[in-house]
Protein chains: 2
Amino acid sequence: MKRILTKLNKAFDHRVRLGIMSVLVVNDWVDFTFLKDTLELTDGRLASHIKALEKVKYLEVRKRFVGRKPNTSYRVTEKGRQAFQAHLDALEELLKQSK
Amino acid sequence: MKRILTKLNKAFDHRVRLGIMSVLVVNDWVDFTFLKDTLELTDGRLASHIKALEKVKYLEVRKRFVGRKPNTSYRVTEKGRQAFQAHLDALEELLKQSK
DNA sequence: TAATTAACTTTGTATTTCAAAGTTCTTTAT
DNA sequence: ATAAAGAACTTTGAAATACAAAGTTAATTA
């Protein structure tokens, strides 16, 4: 029960980033539009939260053309997967704490 | 799986507030100093997050003297308890989402 | 040639967070 | 009586974050 809060990752403080991560941990290569539609975000808002996760290397990007359309996809890195799992573990521990 | 993000409560976006709530849901009337020590926060920082939770009526306050010392305690309101539970339920749903 | 689509980026504002210092009230020490 | 200390804040000011709205780029289809 030590240092409860330090184990929670501030990269995941925001619900939009929690949403992005939770979609990405169960799907390999998810594209921008899918995330945008699933999470019901404007493209600017989605882009900025993705950028924050990219910055700490929790996400990687792939840009290509699918048919004739540009397509950008993301997937979680190993580092991101571990960080997210650690965050969830910390959350769980926090919540099952007894008196 | 609809409107995933709207069910997450932004009052609980921050890890300090998650920490406060998780202590309060399992303890009746927790005092300021205990929260401060448990969560390892400065008093200013703790006070400001508590204030945010009070503002939305998730916490109530009791001020009194214990022996000769002033003592301020907090407990979660019914509204707060429900909101927190709803948030945790939403989190769980978010995380168990499948492809 | 014009309009559309995808995926951003930029701009400007508003909100949030924080440390550090200041405050109030009461007790204890000198 | 005066000073110092403790509890629980509040205030201040600065930095970081978040957001909507508008602008951008490159390729595509009408």
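Numbers restart at 1 for each chain; the letters A, B, ... are given by sequence-line order, proteins then strands. Scope of the values below: all heavy atoms of this structure, side chains included, with no hydrogens, waters or symmetry mates. Just so we're clear, the structure is a prediction, and the values are computed from it rather than from any experiment.
- Residue A/Asp43 is the one, among A/Asp43 and A/Lys69, whose nearest nucleotide of DNA chain D lies closer to the 5' end (criterion: closest heavy atom).
- Ranking D/dA18, C/dA19, C/dT26 by closeness to the B/Arg45 side chain, first place goes to C/dA19.
- When the P atom of D/dA18 is taken as reference, atom NZ of A/Lys10 falls 12 Å away, rounded to whole Å.
- With rounding to whole Å, A/Leu5 atom CG is found 14 Å from C/dT17 atom P.
- Heavy-atom nearest nucleotides on DNA chain D were determined for A/Pro70 and for B/Ala47, and the one closer to the 5' end corresponds to B/Ala47.
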Ring pair (Phe, Tyr, Trp, His ring centres under 6.0 Å) between A/Tyr58 and A/Phe84: does it pass, once the steps are laid out? CA-CA 9 Å; A/Tyr58 290 172; A/Phe84 193 57; 9.2 Å; no

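- Nucleic acid contact class of B/Lys63 (heavy atoms, under 4.0 Å, all strands): sugar-phosphate only.
- Nearest to the side-chain atoms of B/Tyr74 among the listed nucleotides D/dC9, D/dA27, D/dA18 stands D/dC9.
- Using modelled atom types and a 3.5 Å distance limit, the side chains of B/Tyr74 and B/Asn27 yield no donor-acceptor pair.
- Which of D/dC19, C/dA7, D/dT10 sits closest to the side chain of A/Arg15 comes down to D/dC19.
- Contacts of B/Thr33 with the nucleic acid, taken as non-hydrogen atoms under 4.0 Å apart, involve only primed sugar atoms and P, OP1 or OP2.
- Which of C/dA19, C/dC8, D/dC19 sits closest to the side chain of B/Thr42 comes down to C/dA19.
- To the nearest 0.5 Å, atoms CG (A/Leu18) and CD1 (B/Ile4) are separated by 11.5 Å.
- The separation between A/Ile20 atom CD1 and C/dA7 atom C1' is 14 Å, rounded to whole Å.
- Taken to the nearest 0.5 Å, the CZ atom of B/Arg75 stands 8.0 Å off from the CZ atom of B/Arg62.
- Note: NZ (A/Lys55) to P (D/dA16) measures 10 Å, nearest angstrom.
- The distance from atom CG of A/Leu59 to atom P of C/dC8 is 11 Å, rounded to the nearest whole Å.
- The separation between B/Asp31 atom CG and D/dA8 atom C1' is 11 Å, rounded to whole Å.
- Comparing D/dT10, D/dA18, C/dA7 by their nearest atom to the side chain of B/Lys51 picks out D/dT10.
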